[in-house]
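Take a look at the structure below.
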Amino acid sequence: MAALPPAAAPDRALVFDMAAAQVHFKSTVRKNGFSQFKVASSETARDINRRIVLNLVRKHQPISRASLARRSGMQRSTVSAITEQLISERWVVEGATGHLPRGRKPTFLHLNSDRAGIIGVDIQPDATTLAVSSMDMRILAHESMATGHDPKDFIERLGRRIMDLMRAHPKNSYEGIGISVPGRIDISSHKLTFAPNLHWSDVDFKTPLEKLTGLRVELENAANACSLAELWSARHGENVSNLIAITVSEGIGVGMVMNGQLVRGTQGVTGEFGHVSLGMNGPLCGCGNRGCWEVMASNSAAVRYYADFSSVRKGEVGSKSNMSPVPFSDLLRLVEQGDPKACKALDQMAHHLGVGLAILVTGLAPDVLVVIGEVTRVWNRVGPIVADVIKHRSFTHANTRIMPTDPEAWPRLRGAIALIAQQHFTAPQMI
């Protein structure tokens, strides 16, 4: 028999949702000020309660009904009714029976991760990764395809690959398709509007893919998607509500969760710190500006630094004009082998990465800064440089933790999957 877990205090974040769910509350329509509002119906309250319980099962499984009541602050009868509904709908399954010295033995509940599948898509300039995931965001299968330059051709190829992937991995149902992109999505049109590293603009992924697959499609900036996935993960603790995710690849993206809410801005373009200039005399960026953070601290920047350090007089063998760019992954291998020029290039990248992170720490004081990308492979070298720059450039004494992610954990892909999974585990927006 499984042992009963210790009593738990109500989840603070969920208690707030519970309070909102048990009263008829007014939700401000921000764009229209305080003149308009919606009143929550009893159906909305039940839906919020249901999502709270399902999310607690996801986070704390295996968990008993009594523990669900303690963590949520709901009445046991309410929890019992909700769990029976979730079981009948196959979202939750019963598992082992717990042991108590007296009274009824509790039955532990688990999320039925195999109830449905999710398709996740991570688009990057060179290659796009597709995956099938279970409802607990466990990646079951993945494959890659070339991204290409023509967005219309790419969307057609992507749609065919998604259909092939679903046929190869049949499920009772698929919940939807989550797509992370290295650019910004207009929150009203759902189109990709700003993606300088893809050289695409005004691209509609949602309409053609939904028409082809019959599934809901959700798109989000890669850094935003990663910040959601990180907030969902258990590794940052229950009390973290201010988190920033920084994706470092050909460019730099920033996703912000502040007070537990993803920050998108009016048009969905908030967070473009990668295009904040660190020096107007710096290199030209794809956005048209000079000295942007991403041209100083991205993978492409490190490759450029290495080429500069490796160049000799023009016309000689091995000069910069005769050299092909070194892939960033190869540059990292050279760093691991102790190549002095590669190490110098990486150190310069790390310094500028720290400069930008210091701006985020000074201006926003998040609980956690999560760095995502291949650069985390050599964080033992990069991390101390970043920490030193932040120490000397940020004077707010913010207690911000800088945490790298493991590239093998597919953070961007899991972020795309989270876009679909979250609809069942977070409270509906009252707007």
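In what follows, residues are counted from 1 in the order of the sequence shown. Source: prediction; values computed, not measured.
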Does Tyr305 have its ring centroid less than 6.0 Å away from the ring centroid of His351? no
Heavy atoms only: give me the nearest Ile187-Gly265 pair and the separation to one decimal. CD1-O, 3.7 Å
Atom pair CD1/CG of Ile244 and Leu369 - distance to nearest 0.5 Å: 5.0 Å
With a 4.5 Å cut-off on side-chain heavy atoms, are Arg157 and Asp153 touching? yes
Kindly write out the residues that satisfy side-chain contact (heavy atoms from CB on, under 4.5 Å) with Thr362, not counting sequence neighbours, or none if the list is empty. Ser394, Thr396
Please assess Ser201 against Thr193 for the test side chain to side chain contact (heavy atoms under 4.5 Å, CB included), listing each intermediate value before the final yes or no. CA-CA 5 Å; Ser201 61; Thr193 60; over 6 Å; no
Taking all non-hydrogen atoms of both residues into account, name the closest pair between Ala297 and Leu353 and its distance. CB-N, 3.4 Å
Can you tell whether the side chains of Asp164 and Arg160 come within less than 4.0 Å, N to carboxylate O? no
Compare every heavy atom of Arg290 with every heavy atom of Leu284, then report the nearest pair and how far apart it is. N-NH1, 3.5 Å
Side chains of Asp126 and Gln124: donor-acceptor distance under 3.5 Å anywhere? no
Does Lys341 count as lying over the ring of Phe309, i.e. NZ or CZ under 6.0 Å from the six-ring centre, within 45 degrees of the axis? no
Who passes side-chain contact (heavy atoms from CB on, under 4.5 Å) against Thr213, sequence neighbours left out? Ile162, Met163, Ile177, Leu215
Closest approach of Leu56 to Ser72 (non-hydrogen atoms, all atoms of both residues): CD1-CB, 3.7 Å
I'd like a table of donor-acceptor pairs (distance under 3.5 Å, sequence neighbours excluded) in which one partner is a side-chain atom from residues 379-387, with atom names and distances.
residue: Arg381; atom: NE; partner: Asp347; partner atom: OD1; Å: 2.8
residue: Arg381; atom: NH2; partner: Asp347; partner atom: OD2; Å: 3.0

Exactly one of Glu175, Arg58, Arg50 should register a side chain to side chain donor-acceptor pair (under 3.5 Å) with His424. Which one does? Glu175
Residues forming a side-chain contact (heavy atoms from CB on, under 4.5 Å) with Ile359, sequence neighbours excluded: Leu278
Return yes if a side-chain donor-acceptor contact under 3.5 Å exists between Asp122 and Ser180, otherwise no. yes
Return a table of donor-acceptor pairs under 3.5 angstrom between the side chains of residues 137-145 and protein atoms on other chains or two or more places apart.
residue: Glu143; atom: OE2; partner: Arg161; partner atom: NE; Å: 2.9
residue: Glu143; atom: OE2; partner: Arg161; partner atom: NH2; Å: 3.0

So does Arg216 pair up with Glu210, basic N to acidic O under 4.0 Å? no
Can you tell if the side chain of Trp410 reaches within under 4.5 Å of the side chain of Thr129, non-hydrogen atoms only? yes
Steps toward salt bridge (charged side-chain N to carboxylate O under 4.0 Å, His left out) verdict (Glu408, Arg377): CA-CA 10 Å; Glu408 300 299 322; Arg377 276 177 42 191; over 6 Å; no
So, does Trp200 use its side chain to make a donor-acceptor pair with the main chain of His149 at under 3.5 Å? yes
Taking Val92's backbone N and O only, do any of them form a donor-acceptor pair with Asn112's side chain (distance below 3.5 Å, no angle check)? no
Could you list the residues that satisfy salt bridge (charged side-chain N to carboxylate O under 4.0 Å, His left out) with Asp204, not counting sequence neighbours? none
Are a donor atom and an acceptor atom from the side chains of Thr147 and Thr128 found within less than 3.5 Å of each other? yes
If you define the side chain from C-beta out and look only at heavy atoms, does anything of His275 sit under 4.5 Å from Cys285? yes
Whether Glu89 and Arg115 form a salt bridge (side-chain N of Lys/Arg under 4.0 Å from carboxylate O of Asp/Glu) is what I want to check. no
Evaluate the ring planes of Phe205 and Phe154, with Trp represented by its six-membered ring, and classify them as parallel (under 30°), tilted (30 to 60°) or perpendicular (over 60°). perpendicular
Separation between NE2 (His190) and CD (Glu218), nearest 0.5 Å, reads 7.0 Å
